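All remarks here apply to the structure that follows.
As the structure is a computational prediction, the values presented were derived from the model and not from experiment.
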Amino acid sequence: ESPNIGEFLRRALALIVDLLGVERGYLELHDDGDGAARWRVAHRFSDAEIAGVRSAISSGIVAQALASGETVVTASALLDGRFGHLESVRRNEIEAVMCAPLADDGARGVLYLGGRSAPGLFAPADQHIAALFARHVGPLARRILAG
């Protein structure tokens, strides 16, 4: 287990959160086998939220991104028919979300970005940046683990 992987993921997540100007982010990297998250990092979540970060960001949104292999984008998860019925979405009043699956080269996981100062969807350029980040962070993490 490399001591560098946690720091790499924390810094990468902080960079993309700051670059896109979102309120907070979450990054999860899975092992090849059982699908359980091996590495999880959160940025700008309160101490209380970190303990239950999976439910705080809505496991339904994460599950859809992982299952579909596509970036999930919504201006308001509360008002979105796909997610508004989920207890975690209602409890946490989740609004704007972008959740991108990591590259599927054995480095499965998700990048979850939530909260925007402006209402509405994430701009297409922001969606492109998040997808590009997600495409590359998994393979980079795998190289660090292998190193």
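- Distance alone, capped at 3.5 Å, places no donor-acceptor pair between the Asn92 side chain and the Ile94 backbone.
- Contact of the Val110 side chain with the Leu66 side chain is registered, since non-hydrogen atoms from C-beta on lie closer than 4.5 Å.
- Put simply, CZ on Phe83 and OG1 on Thr74 are 6.5 Å apart, with the number rounded to the nearest 0.5 Å.
- Arg44 places a side-chain N or O within 3.5 Å of a backbone atom of Val22 that can act as its donor or acceptor partner.
- Residues Val97 and Leu113 have side chains not in contact (no heavy-atom distance under 4.5 Å, counting atoms from C-beta outward).
- In this structure, Glu23 and Arg116 have side chains that are not in contact, with every pair of non-hydrogen atoms separated by 4.5 Å or more.
- Considering only heavy atoms from C-beta on, Val72 stays 4.5 Å or farther from Met98 through its side chain.
- The main-chain N or O of Ala42 is never found under 3.5 Å from a side-chain atom of Arg24 such that the two would form a donor-acceptor pair.
- Counting heavy atoms from C-beta on, the side chains of Ile16 and Ile129 come closer than 4.5 Å.
- Considering CG of Leu79 and CD of Glu95, their distance stands at 6.0 Å, rounded to 0.5 Å.
- Across Cys99, Ser88, Pro101, a single residue satisfies side chain to side chain contact (heavy atoms under 4.5 Å, CB included) together with Val62, and that is Cys99.
- Residues Thr71 and Gln127 fail the side-chain proximity criterion, which asks for heavy atoms closer than 4.5 Å.
- Without hydrogens or angle criteria, Glu28 side chain to Leu111 main chain gives no donor-acceptor distance under 3.5 Å.
- A heavy-atom distance below 4.5 Å is found between the side chains of Phe8 and Leu140.
- Between His136 atom NE2 and Leu132 atom CG the span is 4.5 Å, to the nearest 0.5 Å.
- With contacts defined as side-chain heavy-atom distances shorter than 4.5 Å, the pair His43/Tyr26 does not qualify.
- Under the 3.5 Å distance criterion, the side-chain polar atoms of Arg10 are left unmatched by any main-chain donor or acceptor of Ala14.
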